[in-house]
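Here is the structure we will look at, set down as structure tokens.
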Amino acid sequence: MQIKSAEFIISNSEVSKCPTEKLPEYAFIGRSNVGKSSLINMLTGRNKLAKTSSTPGKTQLINHFKINKNWFLVDLPGYGYARVSRTTKKEFQSFITDYFKQRKELVCTFVLIDSRHTPQKVDVDFMEFLAENEIPFVIIFTKTDKLKPNAILQNITKYKETMLKGNWADFPMYFTSSSTSKNGKEDILNFIDSINKDFNTGNL
């Protein structure tokens, strides 16, 4: 898939105010310092589409971007660490939950995980929330340019072992990515394209 157009549509904190067009949506979410904005900009080829910042937790609203006029990329606030007050964090965690439970147009969630780290409880817990609520998701391991291939594989293997020891029957589908080297861009966009085709033919 080639990204020919990427247009910011709306930011809001209420699911009822999300776009009414019946287009497939892909949500991007992860811990607040996982490199989400950089990944979104890399995938779309727009350096300033999503706001990047050295301060984790900058995204605090549901942000809709219309891509190629036929699907939405949804940039969601990060979970876990963020330099915001407890009250503010509780508010946007509440509307994130509402989004996942109520948004019928959501066809897939990309859970971003920093490839440099061993399994983090907050990541595993969030994926369990998605699975328990039957929300389709895949993992994107980010920042792969920061580690050697063997180290990345070791951390992914640790995630597999941790989750399979728990309540998981299978390890979720995953991609590896780097906003610097653009690793994973083609695979992720082709994956989205394949789901879009099923959506348009009524197979979803």
Side-chain angles (χ1 to χ4, degrees), residues 1-3 26-59 67 73-83 96 100 107-133 135-196:
M1 179 203 298
Q2 289 188 339
I3 303 296
Y26 300 84
F28 286 72
I29 191 169
R31 283 186 294 134
S32 301
N33 55 350
V34 76
K36 174 169 55 69
S37 295
S38 296
L39 176 68
I40 289 172
N41 292 339
M42 182 271 282
L43 290 175
T44 59
R46 272 65 174 176
N47 292 332
K48 297 180 180 180
L49 187 70
K51 294 181 179 179
T52 58
S53 171
S54 59
T55 304
K58 203 68 175 177
T59 303
I67 310 298
L73 184 157
V74 185
D75 181 8
L76 294 172
Y79 53 80
Y81 170 79
R83 288 179 184 172
I96 290 172
F100 282 118
V107 295
C108 186
T109 297
F110 291 102
V111 179
L112 278 56
I113 293 176
D114 192 328
S115 66
R116 299 174 298 176
H117 303 310
T118 53
Q120 305 292 304
K121 185 176 185 300
V122 66
D123 290 321
V124 175
D125 286 349
F126 182 72
M127 288 187 283
E128 287 182 353
F129 159 77
L130 293 178
E132 288 168 359
N133 287 278
I135 298 164
F137 75 93
V138 299
I139 299 171
I140 298 180
F141 288 97
T142 64
K143 303 184 180 182
T144 56
D145 58 292
K146 306 295 185 182
L147 284 180
K148 293 182 178 179
N150 283 344
I152 295 168
L153 183 59
Q154 286 176 3
N155 285 341
I156 293 175
T157 299
K158 288 176 182 177
Y159 262 95
K160 288 181 180 179
E161 292 172 347
T162 297
M163 294 172 72
L164 293 177
K165 283 179 182 177
N167 299 321
W168 298 84
D170 299 294
F171 187 66
M173 179 180 181
Y174 70 89
F175 297 96
T176 58
S177 74
S178 164
S179 58
T180 301
S181 68
K182 297 185 179 180
N183 167 49
K185 178 176 181 177
E186 185 175 352
D187 290 339
I188 295 168
L189 290 179
N190 285 343
F191 174 73
I192 292 173
D193 192 40
S194 67
I195 296 180
N196 284 345

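Computed over heavy atoms, backbone and side chain alike; hydrogens, waters and symmetry mates excluded.
- Looking only at side-chain heavy atoms (C-beta outward), Ile67 and Ile192 stay at 4.5 Å or farther from each other.
- Contact of the Ile113 side chain with the Tyr174 side chain is not registered, since no non-hydrogen atoms from C-beta on lie closer than 4.5 Å.
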Kindly indicate, with the supporting measurements, whether the criterion salt bridge (Lys or Arg N to Asp or Glu O under 4.0 Å) is fulfilled by Arg31 and Asp114.
CA-CA 8 Å; Arg31 283 186 294 134; Asp114 192 328; 5.3 Å; no

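- Proximity of Val138 to Tyr26: side-chain heavy atoms (C-beta onward) are nowhere separated by under 4.5 Å.
- Taking 4.5 Å as the limit, every side-chain heavy atom of His117 sits out of range of all side-chain heavy atoms of Asp123.
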With a 3.5 Å cut-off and sequence neighbours excluded, list the donor-acceptor pairs that the side chains of residues 145-154 form with protein atoms.
| residue | atom | partner | partner atom | Å |
| --- | --- | --- | --- | --- |
| Asp145 | OD1 | Ser178 | OG | 2.8 |

Working for side-chain contact (heavy atoms from CB on, under 4.5 Å), residues Asn155 and Phe141:
CA-CA 10 Å; Asn155 285 341; Phe141 288 97; over 6 Å; no

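- Considering all non-hydrogen atoms of both residues, Met1 and Ile3 come closest at SD-CD1, 3.8 Å.
- Heavy atoms from other residues, nucleotides or ligands lying under 6.0 Å from CD of Glu128 number more than 12.
- Taking the side chain as every heavy atom from C-beta outward, Phe126 and Gln120 never approach each other to under 4.5 Å.
- Put simply, the side chain of Thr176 does not reach to within 4.5 Å of the side chain of Ser115, judged on heavy atoms.
- When every heavy atom of Asp75 is checked against every heavy atom of Ser37, the shortest pair comes out as OD2-OG, 4.4 Å.
- Checking each of Thr109, Val74, Leu39, Leu76 against Phe28 for a side-chain contact (heavy atoms from CB on, under 4.5 Å) leaves exactly one that passes, namely Leu39.
- Within the model, atoms CG of Asp170 and CG of Leu164 stand 7.5 Å from one another, a figure rounded to the nearest 0.5 Å.
- Closest approach of Val34 to Lys143, counting heavy atoms only: O-CE, 3.5 Å.
- Here the closest non-hydrogen pair linking Ile40 and Ala50 is CG2-CB, 4.0 Å.
- Contact detail for Phe137 and Ala131: the closest heavy-atom pair is CE2-N, 4.3 Å.
- Not less than 6.0 angstrom separates the ring centroid of Tyr159 from the ring centroid of Phe171.
- A pairwise comparison of heavy atoms in Met163 and Trp168 identifies O-CD1, 3.1 Å as the closest pair.
- More than 12 non-hydrogen atoms from other residues, nucleotides or ligands lie less than 6.0 angstrom from CG of Asn133.
- Other residues, nucleotides and ligands place more than 12 heavy atoms under 6.0 Å from the CG atom of Asn190.
- For the pair Asn41 and Ser179, the minimum side-chain heavy-atom distance is 4.5 Å or more.
- Annotation: side chain of Val124 is not in contact with side chain of Lys121 (no heavy-atom distance under 4.5 Å).
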